[in-house]
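Taking it in order: structure first as structure tokens, then the write-up.
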There are 6 protein chains.
Amino acid sequence: MTDGLTHISASGEAHMVDVGDKAETVRIAVAEGRIRMKPETLALIREGNAKKGDVIGTARIAGIMAAKRTSDLIPLCHPLMLSKVTIDIDEEPQLPGLRVTATVKLTGQTGVEMEALTAVSVTCLTIYDMAKAADKGMEIGGIRLIEKTGGKSGHYRYPEAS
Amino acid sequence: MTDGLTHISASGEAHMVDVGDKAETVRIAVAEGRIRMKPETLALIREGNAKKGDVIGTARIAGIMAAKRTSDLIPLCHPLMLSKVTIDIDEEPQLPGLRVTATVKLTGQTGVEMEALTAVSVTCLTIYDMAKAADKGMEIGGIRLIEKTGGKSGHYRYPEAS
Amino acid sequence: MTDGLTHISASGEAHMVDVGDKAETVRIAVAEGRIRMKPETLALIREGNAKKGDVIGTARIAGIMAAKRTSDLIPLCHPLMLSKVTIDIDEEPQLPGLRVTATVKLTGQTGVEMEALTAVSVTCLTIYDMAKAADKGMEIGGIRLIEKTGGKSGHYRYPEAS
Amino acid sequence: MTDGLTHISASGEAHMVDVGDKAETVRIAVAEGRIRMKPETLALIREGNAKKGDVIGTARIAGIMAAKRTSDLIPLCHPLMLSKVTIDIDEEPQLPGLRVTATVKLTGQTGVEMEALTAVSVTCLTIYDMAKAADKGMEIGGIRLIEKTGGKSGHYRYPEAS
Amino acid sequence: MTDGLTHISASGEAHMVDVGDKAETVRIAVAEGRIRMKPETLALIREGNAKKGDVIGTARIAGIMAAKRTSDLIPLCHPLMLSKVTIDIDEEPQLPGLRVTATVKLTGQTGVEMEALTAVSVTCLTIYDMAKAADKGMEIGGIRLIEKTGGKSGHYRYPEAS
Amino acid sequence: MTDGLTHISASGEAHMVDVGDKAETVRIAVAEGRIRMKPETLALIREGNAKKGDVIGTARIAGIMAAKRTSDLIPLCHPLMLSKVTIDIDEEPQLPGLRVTATVKLTGQTGVEMEALTAVSVTCLTIYDMAKAADKGMEIGGIRLIEKTGGKSGHYRYPEAS
């Protein structure tokens, strides 16, 4: 059922696995996360956004830049030349809060799940940072891989993905 | 009820707020997060850990290093000279999964909430990376500030903190 | 009239000069630069800005983040804990183009001129990047220190500063 | 006349555009900039250079290293594997000052204009840093793309390029 | 007998040499180094390792991450997309101390000697850091390229390699 | 005789130790290393240096920049605001090769041994990189802490320091 822990060598030590023999294919990963906050915090962000868009805009830029730095942050990730990164930030009034979706694309030898998940995480952290003076109780959650295409393991879709 | 969005100037633009007039005090922040996985994935990590401790150990190191790079990742965070970072990773069999707790300390002019939250996020992302060959459906959540001391705003504790 | 080249030691070698004996004072630096473009490029940026503010907003974030990374880019700059960074981006219709002003503040042992100048440069480069599909002939210029306060050398103001 | 702002999506949000379908071609970009200073500052740098070459040599190294970090600084730039970077620094006695020229080469899917412009900017900033004790009034300007080859848009040359 | 200094141009200036015309081949480099310490320091590390493996495990992770950052540290190194990095740390009771071996692999246009040597160096530095409270007199040495395959220069093996 | 492994907590896990209660004192560390090479390689570097000083000058800049990035490379090092870094590179004809000495100074709560040792290591690695086309058999060694002042542990001097 599982492939085991590929980052752990036979003797149990961490290593950066060899992807040199994998095929170069188009690989796309979509990840998602949410940040829950008080309704009045969401209203503040919405208004700030109405003015000059800076809360949402700043978080989006932080997420894109973080995607590019994934191999610098996650010890065993390979350095990759991402060909596309987009971040969507949408309101979820019933949360209440924001839903963050990151899509990352690459033509290469290994997948970009970690890049998409890192982008989502840093986007959420930036939203927290920019609104924390108003609401320290915000909570980041639901960070997961929604979809993944390309590579030997083929198409993956999160079981209960909305 | 809220202090408003201090990262947004009067005219709505993002800026790095002036902390130069704040008092230098001892500031501590504790943040927490969880990664939910299949029971067999947790078992794999536990066994890997039993051998040489590398999954848990690698994630802990990644989290500590990420705490130090927070101001590089979160656009409006101040560069800070952290005096202490610890990461605890504990099993939560009922999740099933792992709970990550980061404690960050500083004597300085601004709080270290973002450093603690960033450390938790990157620790969880690293666990995901190291176990994703076995389980792509893991989910990271419950990332929140548990406690914060020092600074003008005084002591904060997450309302429902366990 | 000049202090000579303090980054060059007596024997002509580059070194990071000792600032350990300097007094800790509040230090502020203001730097400025301009990017000249076609009037229609300026109109495009203005409209883009009108929509969601992303050209100007992205460039501002890039400038703030660059200020924090100055000691990583400029070989002999000291690492500093900046307490404030703001970036103003204003239209100059007669250029035509944009004027970028960065203000950086620190309580510390050395000045923040390089941080302000680096912030201005990277802000301008980001504007170039975001509009270059429309106008490769944009030119960045007029990057200079406008004002500096604090430290032993006292107050400085650019002679012909507007 | 213009291609519009490719970094802005249809709905006005910033994103890192998809270059995955572009052809891999040899791409070269040449950028240029100048730093104007007092004649005696230029003489100081020239003498320092005569001794051990460190002002000019340090600035050149800073520019080369900055070219490699462009995607870390400019939010929507793609990470690229540059195959060549050279920096030329020449005296312009009539300025008086120095002219900086950067040439960057890549075989890849997107151009290297930003890498060349970033290299020029950081080279100039480093010269400013190393001579600022003698001359705070130096001004950096004339930063522009001189020539660009490769890619779909073909050959570009700055209209009035010297 | 020698190829001369390829990083120095005809006129004596440093530049990042053009590798764009080199063939893409599989390139592997193996480097080695040693850290000598008191026998009781080695025992402490061994025991620490027995507990949770953190000294050795932390140093290994630091070395892997450093390999990925080589082009950020060594001014004229090309950015490379490493496909594999492994670090082996073995006891050498007769030193007494530890031997560090790094193996780096890439399919690309230039060799990975510097990545392997940088990984070894940072692994040794991390061991020093983690044990320095017990033993400031540790010495790092014997850092050299053991073997290199791929590329025009073909197979290289250190003359006296054990 | 030893203080034990302060980076390892009571339960054996790695953490960044708390230095917040240590006194702020002036701390200086001097570290040293050597790179052994063929006599003709040394001659090449010397001649290159005679021309424009770039081998030695580039390595010195790399070492200074690396000192500033120590906490980014060594997992459990604290971020520090170094007040001075100097690198001396001297010929040792009898080696034959070069001796690198780094001196780092800080007024702060923790020592700068790792910064000095990291500066020495990266300076040597850069020399290797710049001369490796001529001599792949160079060996880096003798990297050790020569002297350390300031802090609770007081003055340290390497037993057999030359």
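Note: hydrogens, waters and symmetry copies are ignored here, and every other heavy atom, side chains too, is used. By convention in this document, chain letters (A, B, ...) are assigned in the order of the sequence lines, proteins followed by strands, and residues within each chain are numbered from 1.
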Side chains of P75(D) and I61(C) in contact at under 4.5 Å (non-hydrogen atoms): no
Answer whether the closest heavy-atom distance between the side chains of Y128(C) and R144(D) falls below 4.5 Å. no
Close side-chain approach of E139(D) and I143(C), heavy atoms under 4.5 Å: no
From the list I74(D), I35(D), L73(D), V17(D), the residue making the most non-hydrogen contacts under 4.5 Å with chain C is I74(D)
Tell me which of these, E113(D), M138(D), R69(D), M65(D), has more heavy-atom pairs under 4.5 Å with chain C than the rest. R69(D)
Between C77(D) and chain C, with a heavy-atom cut-off of 4.5 Å, which part of the residue counts as in contact: side chain, backbone, both or neither? both
Would you say T70(D) and L125(C) make side-chain contact, with heavy atoms under 4.5 Å? no
Between chain C and each of G142(D), A66(D), A62(D), S121(D), count heavy-atom pairs under 4.5 Å; write down the option with the most. G142(D)
In Å and rounded to the nearest 0.5 Å, what is the CG to SG distance from L117(C) to C124(D)? 11.5 Å
What's the shortest heavy-atom distance between L76(C) and M130(D), and which atoms? CD1-CE, 3.6 Å
Contact residues of residues 84-98 of chain C (partner chain D; heavy-atom separation under 4.5 angstrom): none
I'd like to verify something: which residue of D129(C), T123(C), T118(C) has the highest number of heavy-atom pairs under 4.5 Å with chain D? D129(C)
NZ of K136(C) to CZ of R157(D), rounded to nearest 0.5 Å, is 15.5 Å
